[in-house]
Amino acid sequence: MAARPTKTSASFGLDRLTTPIGIALLVTDAAGVLRALDWEDYEHRMRGLLRLHYGAVDLSDHAAPAGMRMALSGYFEGELGQLSKIAWRTAGTPFQQKVWTALAQIPAGTTLSYGALAAKIGTPKAIRAVGHANGSNPISVVLPCHRLIGADGSLVKYGGGLARKRWLLRHEGVEA
């Protein structure tokens, strides 16, 4: 039986950004590319996702690139298009990557159901798998998992809490 490949360790920088809905944790690599964005009160989940995707992870305090911080601040101040300026990279399964890339293509002010996203990526019966991949999204806000809603239009599941999801959607002009 072949040995399973093991993940190597990774070193990333960790920065914090104050937003209207809490302190965002920004994890960047040596090239200044965003690897994770989560909320300070969910740091344990973020660290777990990083371990899952990268193996042992060393996070050290390091300022995120000024352009990234400016783009995120701009988004929270109402310049919704600023998110597209942020360079990001994820690790994950090919399916997860497909879902996360599709999330990045959902325009601000728009929502999709999990089923609609599954159909959009060519796997219409994979609604649960899309939901699971969405829940494992390491880059909140920038990969806008908050834009996925239930088939009936209801707000369902958001790793940062439904109050944040509601705020983000209203901020983008969606009555939630």
Item to complete: Using distance alone, with no hydrogens and no angle criterion, decide if Ser140 and Tyr158 have a side-chain donor and acceptor under 3.5 Å apart.
Response: yes
Discussion item. Quick one: does any side-chain atom of Ser73 pair with a main-chain N or O of Arg69 as donor and acceptor, under 3.5 Å?
Written reply: yes
Which pair of non-hydrogen atoms, one from [X] and one from [Y], has the smallest distance, and what is that distance?
| X | Y | result |
| --- | --- | --- |
| Asp29 | Arg35 | OD2-NE, 3.0 Å |
| Ala64 | Met68 | CB-SD, 4.0 Å |
| Asn134 | Cys145 | OD1-CB, 2.9 Å |
| Gly150 | Val156 | N-CG2, 3.6 Å |

Discussion item. Listing request: all salt bridge (charged side-chain N to carboxylate O under 4.0 Å, His left out) pairs with a residue in residues 115-143, at least two apart in sequence or in separate chains.
Written reply: none
Worksheet, complete the sentence: Residue pairs meeting salt bridge (charged side-chain N to carboxylate O under 4.0 Å, His left out), one or both in residues 137-162, sequence neighbours left out, come to Arg147-Glu172
Item to complete: Verify whether the ring centers belonging to His171 and Tyr75 lie closer than 6.0 Å.
Response: yes
Worksheet entry | Residues Asp38, Arg47: salt bridge by 4.0 Å N-O rule | no
Response to the item:
Result for side chain to side chain contact (heavy atoms under 4.5 Å, CB included) between Leu25 and one of Leu14, Leu17, Leu37, Leu59 points to Leu14
Worksheet item: Applying ring-ring contact (aromatic ring centres under 6.0 Å, His included), which residue pairs with at least one partner in residues 95-137 are found, sequence neighbours left out?
Response: His53-Trp100
Discussion item. Please determine whether side chain to side chain contact (heavy atoms under 4.5 Å, CB included) holds for the pair His62 and Asp15, giving the CA-CA distance in whole Å, both sets of side-chain angles, and the decisive distance to 0.1 Å.
Written reply: CA-CA 6 Å; His62 189 272; Asp15 197 3; over 6 Å; no
